[in-house]
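Reviewing the structure listed below.
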Amino acid sequence: MSYNDLIRVMDVVSDDARLILHQIYQHESNIRLKIDEIHNGSEGPSPFPLIQQIRSKLNILNVKIVEQQSEEAEDFLRQQHHLHSDELGTLQKQIRAALNVQTEKKAKADREELLASGTLKKRGKKDVTKVAEDITNTLQRNTELLAAMVRQQEETVKNLATSSAEVDEVDGEYRTLSSVLVSSHRLVTKIGQRAMTDTILTYLCFFLFLCTVAYVIQKRIFY
């Protein structure tokens, strides 16, 4: 799709749908920054709340598709929903990979620190215990993050199932309404045709009445 086509389609997309797409783009950019921070070893806020926000926005976008006024806008939003769903899966894989790399780097650095004196036995028991605790805490923290991702994915599956049911229900209501509108249009058309026929018959009867009156008057005058 060219830039001009994109601008033209975005003009027919509803304002709330455009806002949702903008928010999804922002969340994706923020997640990429979080992934870079994880790779750099920075310990900032967890990226999983942003993942959950994107899921929520995608669910809302899925409902907004059927509310568009044109088929072109619906097709565009369906395409965007599919693309951002795929991008969400890619970002989740990148987060897991970054966490695994960070864990391995941390464990490697701790091992090198332990071996820096030449042997583990030369290190004090307190230092060895502290390093081991640090490794355990890091592994535990990353495990909890991955577990949180799994729980969020399970919740997303449930939300998608609920959203799909709601979309199917809305679609059924639209189909029913469309059927009612078609039937109403046919009924109005028939009523209009009947009204036209009644009007023609009324004028015809009036014309015949005038002809009859004229004939009677003619008979009375000339005979």
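Basis for what follows: all heavy atoms, side chains included, without hydrogens, waters or symmetry-related copies.
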Could you tell me the separation between the [atom1] atom of [X] and the [atom2] atom of [Y], rounded to the nearest 0.5 Å?
X      : Y      : atom1 : atom2 : result
Thr90  : Arg32  : OG1   : CZ    : 9.5 Å
Ile95  : Asn100 : CD1   : CG    : 12.0 Å
Leu58  : Asn62  : CG    : CG    : 8.5 Å
Leu91  : His84  : CG    : NE2   : 11.0 Å
Leu210 : Tyr203 : CG    : OH    : 12.0 Å
Lys93  : Ile35  : NZ    : CD1   : 13.0 Å

Set of residues satisfying side chain to side chain donor-acceptor pair (under 3.5 Å) with respect to Asn30, sequence neighbours excluded: none

Report yes if the side chains of [X] and [Y] come closer than 4.5 Å at any heavy-atom pair, otherwise no.
X     : Y     : answer
Ile51 : Arg55 : yes
Glu87 : Leu83 : no
Ile54 : Ile31 : yes

Pairwise side chain to side chain donor-acceptor pair (under 3.5 Å) hits with a residue in residues 188-199, at least two apart: none

Distance-only side-chain donor-acceptor flag, Gln69 / Ser14, under 3.5 Å: no

Among Glu72, Glu74, Arg18, side-chain contact (heavy atoms from CB on, under 4.5 Å) partner for Val13: Arg18

Side chain of [X], backbone of [Y]: donor and acceptor closer than 3.5 Å?
X     : Y     : answer
Asn40 : Asp36 : yes
His27 : Gln53 : no
Ser29 : Tyr25 : yes

Pairing residues for Gln26 by the side-chain contact (heavy atoms from CB on, under 4.5 Å) criterion, not counting sequence neighbours: His22

Audit row: Asp75, Gln79, side chain to side chain contact (heavy atoms under 4.5 Å, CB included) steps and yes/no: CA-CA 6 Å; Asp75 293 339; Gln79 182 183 17; over 6 Å; no

Nearest non-hydrogen partners of Lys64 and Leu77, listed with the distance: O-CD1, 4.5 Å

Phe209 with Ile217, same ILVMFWY side-chain cluster at under 4.5 Å: yes

